[in-house]
Each structure stands twice: as C-alpha cells, then as structure tokens.
Amino acid sequence: MGDRIRVGVVGAGGRMGKEVVKMVLQDDALELVAAVDHSAGEVDAGSLVGVETTGIIVTSQLEEALLSTKPDVIVDFTTPSSVMKNTVTAIQHGVRPVVGTTGLSTEEIDDIRTLCKDKGIGAIIAPNFSIGAFLMMQFAKQAAKYLPNVEIIEYHGDQKLDAPSGTAVKTAELISEVREERRQGNPNEEEKIEGARGGYYNGFRIHSVRLPGIFAQQEVIFGGHGESLKIRHDSYERAGYMPGVNLAVKKVMELHELVYGFEHLMD
Ligand code: NAD
C-alpha cells in the first residue's frame with residue numbers, strides 16, 4: 001500500500017470537506033492522513049462524516065499536521081479568507097494543494113503560480129470541479145465567438161461569502177479569451193438602483209442571486225439578431241463534485257506547476 005497518495009483534507013468539517021473525506025476513504029488508491037478544521041473539534045474524521053472510525057483525529061493546526069503526517073496532497077475547501085494562507089503553507093512544506101475554495105484574486109493566483117514555479121511543485125485551483133459545469137463553460141466559450149452579446153446569471157445559497165461565484169468569474173475569463181472586448185448595451189443606460197445591471201466584466205455583466213434553498217446554478221445568456229441562446233447548468237448535491245476532486249488529487253501528483261481551471265485536467 002506504500003504507493004497510495006497521502007491526502008490531507010483542510011476544511012474537513014465543512015459541507016464540501018466532509019464529502020472529500022468520504023471520497024478519500026472510499027478510494028483504495030488514496031489514504032487519508034490528516035483532517036484539518038477550525039470548528040469541528042477533536043473528533044475522529046470517520047465519525048465526523050458518519051462512517052466507521054479512522055484513527056485520524058481532526059486538528060485545527062495545519063502546519064503541525066503537515067509536519068507530522070507528511071501528506072502528498074492537501075485538498076482545501078475552506079473560506080476565501082483562509083485559503084491563501086493554507087495554500088502557501090502547503091507549498092512551503094512541499095505539499096501539493098488541490099484548491100476548491102473560491103474567492104482567490106487574480107493576484108493571489110499569480111503569487112501561487114510563482115511560488116509553485118520556485119518550488120517546482122504542482123498545484124490545482126479549480127473554482128468548479130463538476131463535469132457538467134466544465135461543459136457549460138466550454139459551450140459558453142464556443143458560443144461567445146459567434147454571439148458576443150452575453151450576460152451571466154449565477155444562483156447560489158444565501159450563505160455564500162463571495163460574489164460573483166468562482167465559476168462565473170472563470171466563465172467570464174473563458175468568454176473573454178474569444179470575445180473582442182467591447183462594452184455592450186446602450187451607452188446611455190442609467191441605473192436607477194445601484195447594481196441593477198450587475199457586475200461589469202470586460203464589457204459584459206454578471207449577476208449574482210443569493211437565496212436560501214438554492215444550491216448552485218448558472219445561466220449564460222447570449223443575445224443575437226432575433227434570437228437568444230441560454231446555456232444552463234444545475235448542481236443538485238456536493239457529491240457531484242467528487243469525481244472531479246478525485247481526478248485532481250491524482251493529476252496533481254504529475255504536475256510541477258500551477259494548473260488553474262478544471263478544464264485543463266479534462267482531455
Ligand atoms: P463550509 O462553510 O461548509 O465549510 C468550510 C469549512 O472550512 C468550515 O468547516 C470551517 O470551519 C473550515 N475552515 C475555515 N477556515 C479554516 C482554516 N483556516 N483551516 C481549516 N479549516 C478552516 O463551506 P463549503 O460549502 O464546504 O464551501 C467551501 C468552499 O468551497 C467555498 O469557497 C465554496 O465556494 C467552495 N466550493 C467550491 C466548489 C468547487 O467545485 N470548486 C464546489 C462547492 C463549493
């Protein structure tokens with residue numbers, strides 16, 4: 001069993017983190033060696049996720065856990081305010097980060113890229129690990145070439161911290177790669193209520209809906225001459241992200257630099 005990938009889960013007590021712990025425990029190619037969370041208490045990682053005990057006790061000390069358990073990879077699903085520090089700490093200890101936490105700025109992602117290069121270590125940051133969302137983004141990028149008038153509407157639960165969502169930002173970036181930058185809509189338009197037209201990104205708009213009861217959805221709407229096209233993705237549960245996270249944990253072992261975006265893992 002010596003060649004199993006040693007995995008630490010950061011944010012193990014959170015909604016995504018618990019799914020990651022379960023996924024790691026279910027895959028014989030992976031070995032859970034650490035579970036880190038600030039708010040879960042010192043409980044067994046297995047009990048935390050409702051399966052049999054594992055002997056891995058959840059800790060709040062990431063650095064200590066890295067030193068004592070020597071993971072190959074950490075998977076981070078924490079918060080926008082802690083993900084940068086966790087990621088930098090992991091890289092400095094030679095541990096490859098797989099980051100699902102959203103809210104990292106472009107500058108922070110660039111800093112992580114530089115750090116990975118300096119250390120010759122692989123990392124993956126993916127705002128969305130779902131295969132359906134990957135396809136939605138690819139189709140949107142394809143459509144933007146022919147229908148450059150576009151708006152994005154993303155829907156998430158009301159407790160989400162960052163807006164727009166990481167997926168919306170990533171979609172906007174992909175669209176911008178093929179869409180000539182230009183401000184669309186009426187140049188004389190006037191917002192009667194601040195923010196009514198949504199966030200401005202490279203000439204088009206992103207709208208963030210936050211309501212209880214909603215999990216994660218996104219629509220990319222294109223307008224043309226006498227027609228429109230709507231590309232929509234709906235996520236129903238967190239387990240749906242796990243095949244993507246599993247793939248990333250395995251792929252990051254082969255990398256020596258940062259890969260940003262799940263699309264780069266899909267052949
Ligand atoms: P959550 O609030 O349920 O869980 C976050 C957990 O992180 C909490 O248990 C908290 O105690 C813990 N935490 C916070 N700071 C920490 C630190 N410094 N060290 C260790 N643990 C820490 O949130 P969630 O719904 O699981 O979402 C987590 C993140 O994942 C969010 O940014 C969300 O947008 C993102 N997300 C990404 C994807 C994707 O596919 N990439 C999918 C869903 C959610």
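In listed order, ligands and their atoms are each counted from 1.
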How does [X] reach ligand 1, if at all, at less than 4.0 Å between non-hydrogen atoms: by side chain, backbone, both, or neither?
X	answer
Tyr241	side chain
Val10	side chain
Ser82	side chain
Leu62	neither
Ala126	backbone

**OP:** Side-chain contact test, heavy atoms from C-beta onward, threshold under 4.5 Å: evaluate it for Val209 versus Glu154 and give yes or no.
**Re:** no
Original post:
Considering only heavy atoms from C-beta outward, does the side chain of Asp162 approach that of Lys160 to under 4.5 Å?
Top reply: yes
Indicate whether the side chain of [X] and that of [Y] have a donor and an acceptor atom separated by less than 3.5 Å.
X	Y	answer
His225	Glu227	no
Glu181	Ser176	no
Arg179	Gln184	yes
Thr167	Asn128	yes

Test item, [X] contacting ligand 1 (heavy atom, 4.0 angstrom):
X	result
Gly103	no
Lys160	yes
Thr101	yes

Considering only non-hydrogen protein atoms, determine which one is nearest to [atom] and report residue, atom name and distance to 0.1 Å.
atom	value
atom 29 (C) of ligand 1	Thr78 O, 3.5 Å
atom 1 (P) of ligand 1	Arg15 NH2, 3.7 Å
atom 4 (O) of ligand 1	Gly14 CA, 3.2 Å
atom 38 (C) of ligand 1	Phe77 CE2, 3.7 Å
atom 39 (C) of ligand 1	Pro127 O, 3.3 Å
atom 26 (O) of ligand 1	Met16 N, 2.8 Å
atom 34 (O) of ligand 1	Thr102 OG1, 2.8 Å
atom 40 (O) of ligand 1	Phe129 N, 2.8 Å

**OP:** Below 4.0 angstrom from a heavy atom of Ser39, which ligand 1 atoms are there? Numbered from 1 as shown, please.
**Re:** 9 (O), 10 (C), 11 (O)
Subject >> Interfacing atoms of ligand 1 (cut-off 4.0 Å, heavy-atom, Gly13) >> reply: 9 (O)
Subject >> Any N/O pair Gly100/ligand 1 closer than 3.5 Å >> reply: yes
**OP:** State whether the shortest distance between N or O atoms of Asp37 and N or O atoms of ligand 1 falls below 3.5 angstrom.
**Re:** yes
Subject >> Donor-acceptor under 3.5 Å (Thr114 side chain, Asp110 main chain) >> reply: yes
Subject >> Pair Lys141 + Glu177: basic N to acidic O under 4.0 Å >> reply: yes
**OP:** Verify side chain to side chain contact (heavy atoms under 4.5 Å, CB included) between Thr54 and Leu25, making sure each step is shown before the conclusion.
**Re:** CA-CA 9 Å; Thr54 59; Leu25 291 173; 3.7 Å; yes
Original post:
Just how far is it from atom CZ of Phe134 to atom CZ of Phe139, taken to the nearest 0.5 Å?
Top reply: 8.5 Å
Subject >> Separation of Gln218 CD from His233 NE2 (nearest 0.5 Å) >> reply: 9.5 Å
Original post:
By side-chain contact (heavy atoms from CB on, under 4.5 Å), which residues pair with Ile112, not counting sequence neighbours?
Top reply: Met84, Thr87, Ile91, Leu104, Cys116, Ile125, Leu258
